[in-house]
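A quick write-up on the structure given underneath.
The shown structure was predicted, so the numbers you read here are calculated from the model rather than taken from an experiment. Residue numbers start at 1 and run along the sequence shown.
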Amino acid sequence: MGDSMRKRLPDLMLEAGMIFLAVILALAAEEWREKRDRQELADRALTSVVEEVRSNLEELERSAPANVERLEAARAVLEQMEAGEEPGDVDIGLEVSLLSTAAWQSAQMSQAVHYFDLDTMRQLSEVYEIQEMYDRMQTGMVDGMGDLMRIAREDPEAAVRQGVSGVGMLVGFQETLAETYRHTLEQLETQAESG
């Protein structure tokens with residue numbers, strides 16, 4: 001190594017150190033921006049999911065009274081039939097709840113759920129699993145209405161009994177889902193206030 005190189009060595013070391021520091025700072029800044037962007041994505045997604053759960057609860061509460069009323073009327077008709085009386089008209093129809101999963105699916109597709117708190121992720125997963133079971137039950141009942149009409153032509157009492165049973169199960173599940181929505185919203189609001 002020549003004399004001029006030895007004289008420049010401290011300057012070169014300092015320059016190399018500054019370049020290294022600049023690279024480290026740039027990487028740290030980029031990591032910070034990415035973390036902030038991920039958190040913003042997660043916050044927006046969670047807000048959308050909470051709004052969706054709240055809207056689904058409202059939809060469930062809208063349809064529940066009609067289903068309870070139909071169930072009570074069908075039970076009264078069934079009691080008349082079992083007592084050998086001439087029953088009145090019975091409407092074993094169903095007030096369908098149109099529940100959304102769009103915000104939850106968007107949060108999953110955008111991978112925002114990966115940045116949710118673990119408890120929040122678990123709670124919401126459970127909510128949407130219960131909602132999916134309710135949707136399947138509701139769809140099954142709507143699909144089975146044709147069979148119920150066929151049974152009613154052959155054995156009206158059996159059709160009413162089957163209708164009462166199905167609507168009764170759905171109303172019970174409807175109450176469970178509504179309570180799950182309420183509990184989850186309460187928990188998420190508590191977390192938001194404490195976090």
Side-chain angles (χ1 to χ4, degrees), residues 45-109 113 119-192:
L46 184 57
T47 298
S48 293
V49 170
V50 167
E51 288 303 314
E52 181 172 74
V53 170
R54 188 172 283 115
S55 176
N56 286 345
L57 174 59
E58 290 169 4
E59 172 67 10
L60 213 55
E61 289 174 336
R62 179 201 61 77
S63 65
N67 288 333
V68 169
E69 187 178 302
R70 286 180 174 151
L71 177 61
E72 290 170 357
R75 282 181 176 151
V77 167
L78 183 60
E79 287 176 10
Q80 290 174 331
M81 291 175 138
E82 290 173 343
E85 300 172 16
E86 183 66 33
D89 289 339
V90 63
D91 177 10
I92 306 180
L94 187 64
E95 186 70 26
V96 175
S97 300
L98 301 175
L99 306 176
S100 176
T101 61
W104 178 243
Q105 289 175 350
S106 294
Q108 289 175 315
M109 288 179 5
V113 294
D119 287 337
T120 300
M121 174 78 154
R122 182 190 51 76
Q123 282 179 319
L124 291 171
S125 293
E126 288 174 3
V127 166
Y128 281 96
E129 281 179 32
I130 293 170
Q131 179 178 314
E132 185 180 338
M133 288 188 289
Y134 176 79
D135 279 338
R136 281 195 309 260
M137 177 184 274
Q138 186 174 242
T139 300
M141 288 195 61
V142 169
D143 291 346
M145 287 295 174
D147 289 339
L148 204 56
M149 299 298 237
R150 183 188 48 76
I151 293 169
R153 285 191 291 274
E154 298 168 14
D155 186 349
E157 188 175 327
V160 173
R161 187 174 292 111
Q162 187 173 334
V164 164
S165 174
V167 174
M169 286 191 325
L170 188 75
V171 164
F173 208 124
Q174 202 168 31
E175 291 168 5
T176 299
L177 180 56
E179 187 53 40
T180 302
Y181 284 151
R182 286 186 203 99
H183 177 74
T184 299
L185 289 169
E186 183 181 300
Q187 293 288 16
L188 292 174
E189 288 167 3
T190 301
Q191 285 175 8

Worksheet item: Step by step, would you call R75 with E72 a salt bridge (charged side-chain N to carboxylate O under 4.0 Å, His left out)?
Response: CA-CA 5 Å; R75 282 181 176 151; E72 290 170 357; over 6 Å; no

Item to complete: For residues 120-131, pull every pair meeting side-chain hydrogen bond (donor to acceptor under 3.5 Å, both in side chains), keeping only residues two or more places apart or in separate chains.
Response: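 Output for this query lists E52-Y128, N56-Q131, T120-Q191, R122-E126, Q131-Y181.
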
Interatomic spacing from [atom1] in [X] to [atom2] in [Y] - rounded to 0.5 Å:
{"X": "R150", "Y": "D147", "atom1": "CZ", "atom2": "CG", "value": "5.5 Å"}
{"X": "W104", "Y": "S48", "atom1": "CH2", "atom2": "OG", "value": "12.5 Å"}
{"X": "L60", "Y": "E95", "atom1": "CG", "atom2": "CD", "value": "11.5 Å"}
{"X": "N67", "Y": "L71", "atom1": "CG", "atom2": "CG", "value": "8.5 Å"}
{"X": "L99", "Y": "E58", "atom1": "CG", "atom2": "CD", "value": "12.0 Å"}
{"X": "Q138", "Y": "L177", "atom1": "CD", "atom2": "CG", "value": "10.0 Å"}

Practice prompt. Evaluate the side chain to side chain contact (heavy atoms under 4.5 Å, CB included) criterion for residues T139 and D143: first the C-alpha distance (whole Å), next the side-chain angles of each, then the deciding distance (0.1 Å), finally the verdict.
Written response: CA-CA 6 Å; T139 300; D143 291 346; 3.6 Å; yes

Considering non-hydrogen atoms only, spot the tightest contact between [X] and [Y] and give its length.
{"X": "A102", "Y": "S100", "answer": "N-OG, 3.2 Å"}
{"X": "V164", "Y": "A74", "answer": "CG2-CB, 3.6 Å"}
{"X": "E86", "Y": "Q80", "answer": "O-OE1, 4.3 Å"}

Discussion item. With a 4.0 Å cut-off on N to O distance, would you call R54 and E189 a salt bridge?
Written reply: yes

Practice prompt. Look at E61 together with R182 and state whether they make a salt bridge at an N to O cut-off of under 4.0 Å.
Written response: yes

Worksheet item: Of all residues at least two apart in sequence or in a different chain, which pass the salt bridge (Lys or Arg N to Asp or Glu O under 4.0 Å) check with E79?
Response: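 Salt bridge (Lys or Arg N to Asp or Glu O under 4.0 Å) check on E79 returns nothing, list empty.
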
Practice prompt. Output yes when a side-chain donor or acceptor of E59 lies under 3.5 Å from a complementary backbone atom of L98, and no otherwise.
Written response: yes

